[in-house]
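Chain A is the first sequence line, chain B the second, and so forth, proteins listed ahead of strands; every chain is numbered from 1.
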There are 2 protein chains.
Amino acid sequence: MSDLPIIPEDKIKSASQGLRAIAHELRLSVLCLLLERPMCVHELIEATGAAQSNLSQHLSKMRMLGILESEKRGQEVMYSIANPDFAELVNALKQIYCPEMVCAAPTAKEG
Amino acid sequence: MSDLPIIPEDKIKSASQGLRAIAHELRLSVLCLLLERPMCVHELIEATGAAQSNLSQHLSKMRMLGILESEKRGQEVMYSIANPDFAELVNALKQIYCPEMVCAAPTAKEG
DNA sequence: TGATTATATAAGTGGAAACGAATATATTTC
DNA sequence: GAAATATATTCGTTTCCACTTATATAATCA
């Protein structure tokens with residue numbers, strides 16, 4: 001019997017599901033790209049070098065999980081990050097793994 | 001040819017490896033527990049309800065990845081978080097998934 | 001309307017990860 | 001030194017993921 005603050009099972013389940021969702025090289029790359037601006041599928045294909053079908057499946061998975069949202073524009077489909085939590089999470093990762101690429105909160109000193 | 005700030009492949013690879021490492025319910029639970037204080041294996045078994053062999057395998061995996069470190073104390077083995085980045089990451093998750101459990105940076109107003 | 005472009009979905013396959021069962025190793029106690 | 005406790009490791013099985021190939025749908029254009 002410990003008096004530890006146990007995290008509820010369902011929270012753990014959601015969190016690990018969220019992590020699994022972004023713990024994939026291609027999906028993470030896509031999220032990093034969409035952090036900059038919304039993009040359509042063929043832009044993402046070009047930027048990542050992924051196969052069309054494969055990328056489409058990953059996009060679809062992230063959309064179903066509420067991470068991404070999509071909007072049809074003509075024959076293209078624009079994808080963007082739907083859940084700001086994931087934008088934050090990816091930013092946190094960038095700060096850990098490539099601090100020099102994160103322009104972070106501007107210190108209000110530089111131009 | 002886009003002028004997007006592409007994240008280098010090896011950074012993506014490290015990041016997604018790190019995410020996969022914690023994107024598992026049991027491993028994430030362990031990390032949350034160890035966020036409080038170092039614990040020995042049978043404490044973790046009791047707190048998580050996991051099978052001994054299974055938990056041991058996960059601990060071993062996280063130790064090999066540099067996430068955890070262990071110190072033998074008598075016949076027990078104490079585990080703790082070795083890499084502060086992961087502590088931060090897990091804290092970030094807590095803020096997203098259970099904000100009410102995070103005592104965060106004290107606002108210096110409450111007792 | 002037929003061809004082309006953009007994207008999605010389905011089906012099959014290969015490989016990795018997780019788990020349980022059994023066993024091994026180290027430490028303590030008697 | 002034998003039993004008990006604490007933890008690690010090995011092995012075999014199953015389950016889950018990702019990827020490719022092929023096909024479907026929708027929009028545009030000729």
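The ring pair (Phe, Tyr, Trp, His ring centres under 6.0 Å) analysis of residues 49-68 of chain B, with sequence neighbours excluded, yields the pairs B/H24-B/H58. Applying the salt bridge (charged side-chain N to carboxylate O under 4.0 Å, His left out) rule to pairs touching residues 11-33 of chain A yields A/K11-B/E100, sequence neighbours excluded. Applying the ring pair (Phe, Tyr, Trp, His ring centres under 6.0 Å) rule to pairs touching residues 25-44 of chain B yields nothing, sequence neighbours excluded.
As rounded to whole Å, 18 Å separates atom P of D/dA4 from atom CD of B/Q52.
Residues A/S16 and B/L28 share a closest heavy-atom pair of N-CD2, 3.9 Å.
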Practice problem: Sugar-phosphate means primed atoms, P, OP1 and OP2; the rest is base. With that split, encode nucleotides 15-21 of chain D 5' to 3' as B, S or - using protein heavy atoms under 4.0 Å. | Solution: --SSBBB
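The side-chain hydrogen bond (donor to acceptor under 3.5 Å, both in side chains) test applied to B/S14 returns no partner, not counting sequence neighbours. The side-chain contact (heavy atoms from CB on, under 4.5 Å) check on B/E9 picks up nothing, with sequence neighbours excluded. A/S60 meets the side-chain hydrogen bond (donor to acceptor under 3.5 Å, both in side chains) test with no other residue; sequence neighbours excluded. For the side-chain contact (heavy atoms from CB on, under 4.5 Å) test, residues two or more places apart in sequence or in another chain that qualify with B/I45 are B/V41, B/Q52, B/L55.
No side-chain heavy atom of B/L33 sits under 4.5 Å from any side-chain heavy atom of A/I7. When side chains are defined from C-beta on, A/K61 does not count as touching A/I67, because their heavy atoms never get closer than 4.5 Å.
At its two ends the helix from C/dT1-D/dA30 to C/dC30-D/dG1 runs along axes set 10° apart, each axis drawn from five pairs and the angle rounded to 10°.
B/Q95 places no side-chain N or O within donor-acceptor distance of the main-chain N or O of B/A92, the cut-off being under 3.5 Å.
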Atom pairs and distances, side-chain donor-acceptor, residues 68-89 of chain A, under 3.5 Å, sequence neighbours left out:
| residue | atom | partner | partner atom | Å |
| --- | --- | --- | --- | --- |
| A/N83 | OD1 | A/D85 | N | 2.9 |

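In 5' to 3' order, the nucleotides of DNA chain C bounding all contacts with chain A (an atom under 4.0 Å from a heavy atom) are C/dT5 to C/dA10.
Residues from residues 65-80 of chain A placing a heavy atom under 4.0 Å of any atom in DNA chain C, listed by number, are A/Q75, A/E76, A/V77, A/Y79.
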